[in-house]
There are 2 protein chains.
Amino acid sequence: MSPRSKKPPMSKDSLLPLLMAHVLAHGLGQASLRPLAKGAGTSDRMLIYHFGTKEQLVVDLLSHIAQVYAAMLEGVIAGQDRPTTREALVERILAQNGDPAMQPFMHLWWEIVAGSARGLPGFREAARAMVDELVVWLEGQMPAGDPDPAGGARYLLTVIEGTMMLAAVGHGDAAREGLLAGGLLPS
Amino acid sequence: MSPRSKKPPMSKDSLLPLLMAHVLAHGLGQASLRPLAKGAGTSDRMLIYHFGTKEQLVVDLLSHIAQVYAAMLEGVIAGQDRPTTREALVERILAQNGDPAMQPFMHLWWEIVAGSARGLPGFREAARAMVDELVVWLEGQMPAGDPDPAGGARYLLTVIEGTMMLAAVGHGDAAREGLLAGGLLPS
DNA sequence: AAGCGCACGTAGCAATCGCTACATATGGGA
DNA sequence: TCCCATATGTAGCGATTGCTACGTGCGCTT
């Protein structure tokens, strides 16, 4: 009965999660105002009203996505024991990233990387923020007693990102063979 | 005087290099028919005439780019001595990829990766072809007497791609620190 | 000479793009 | 009560999108 679904005026903050859901599902490249608005239950008119410009909308959206990503990592830190070896850590991360639930985010990630490489406004900032977050998370996850947690975390970061890229282009097998040959996966 | 600039009828083969130059300069994402045609000295009308569809044009173009990339690698093989250590090989490749002349190709590469992740038609095939080419090239470049050229090539491939991705998002420094920590770069 | 098909130009179509002009309902402060 | 800012709907603008209809010159075959 209660027609509660009417009142609250929308704002950037209430729109961003809905917009994020839409780009996760359909991609950033094909995101034009009207489909975006429809996905968020508004009109293109209101998106421009709240964000001023599509470009600004994308910038705000990327920043919001980076924040959500950071919060997600913080959440994972809490409920998890530290692995005891680098190989176990790599294996765990690859398993997490390979989870089908992560796929939409991975697709979005490569669009962000491409935009960052091209210098599109907001992309490099968002990408940098997420990698920053990931590297401190990785340092915190390094095995206790690791001889070089800082350098090792950056090493694993590099290897893991390379693996994800190869997986994205259908060469996950080559990447796994590489990790085995590099002693980064338990045989 | 001789009005030689008129006769030869255009074909897919004569158009593809010009189209490639255009996407290298301006990106795949923003490539619409009319700018593309202008860059190649034709009209949108003729692009559709020769390729049938924009989607088919992109597919053919990606395939052509992969071929050019393969030929480029073959060319590099010829005039180069094999490095004597894995570290030297990594260093040489990073130097090549960091060359400003490679930047347009790198930008294009990340767009291809993003398209491949999203499953856009033709992207995964092109990406796979290029990585295939790269991995055999890498195997051929592995130092003489390397204990595991096949696995090692895939290991280096993974590490190098990770490094390039981090560089693309402004984290080239973290990648270099990681390579140092991983013993993959001479200190 | 008569036709015929390839290679192109010119014009335009419906759809979509980002964005704006204009009207209006609403609700709180003076 | 008056007033005015906020939040929204409706229409539409000019530009661009991929693509098509229609004509036409040109070379080749018959």
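If you take CG of A/L36 and P of C/dC19, they are 12 Å apart, rounded to a whole angstrom. Note: NZ (B/K12) to C1' (C/dA7) measures 16 Å, nearest angstrom. D/dG18 atom C1' lies 14 Å from atom CD of A/Q30, rounded to whole Å. The interatomic distance linking B/R34 (CZ) with C/dT16 (P) rounds to 16 Å, in whole Å. The interatomic distance linking A/L47 (CG) with D/dT8 (P) rounds to 11 Å, in whole Å. Rounding to whole angstrom units, CE of residue A/M46 and P of C/dG18 are separated by 17 Å. Taking atom NZ of B/K54 as the reference point, atom P of D/dT20 lies 15 Å away to the nearest angstrom. Atom pair B/I48:CD1 and D/dC19:P shows a separation of 4 Å (rounding to whole Å applied).
Residue A/S43 is classed as a sugar-phosphate contact, given heavy-atom separations below 4.0 Å to backbone atoms only.
No N or O donor and acceptor, one from the side chain of A/D44 and one from the base of C/dC17, sit under 3.5 Å apart.
For A/P35, taking side-chain heavy atoms from C-beta onward, the closest of the listed nucleotides D/dT17, C/dC17, C/dG18 is C/dC17. Ranking C/dC22, C/dC8, C/dC17 by closeness to the B/R45 side chain, first place goes to C/dC8. In this structure, of C/dC17, C/dC8, D/dC19, it is C/dC8 that holds the atom nearest to the side chain of B/M10. Distance from the side chain of A/Y49 is smallest for D/dT6 among the nucleotides D/dT6, D/dC19, C/dC19.
Neither OP1 nor OP2 of D/dT16 sits under 4.0 Å from any side-chain N or O of B/S32. In terms of phosphate contacts, A/H50 brings no side-chain nitrogen or oxygen within less than 4.0 Å of OP1 or OP2 of D/dA7.
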Check against side chain to side chain contact (heavy atoms under 4.5 Å, CB included), B/F51 and B/L61: CA-CA 10 Å; B/F51 295 94; B/L61 180 52; over 6 Å; no
Stepwise side chain to side chain contact (heavy atoms under 4.5 Å, CB included) check, B/H64 with B/V68: CA-CA 6 Å; B/H64 176 255; B/V68 170; 3.6 Å; yes
Test side chain to side chain contact (heavy atoms under 4.5 Å, CB included) applied to A/Q141 and A/R92, step by step: CA-CA 11 Å; A/Q141 288 287 309; A/R92 174 181 297 180; 4.0 Å; yes
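Atom NZ of A/K12 sits in a crowded spot, with more than 12 heavy atoms from other residues, nucleotides or ligands closer than 6.0 Å.
Results of the ring pair (Phe, Tyr, Trp, His ring centres under 6.0 Å) test with A/Y69 over A/F105, A/W137, A/W109 single out A/F105 as the only residue that passes.
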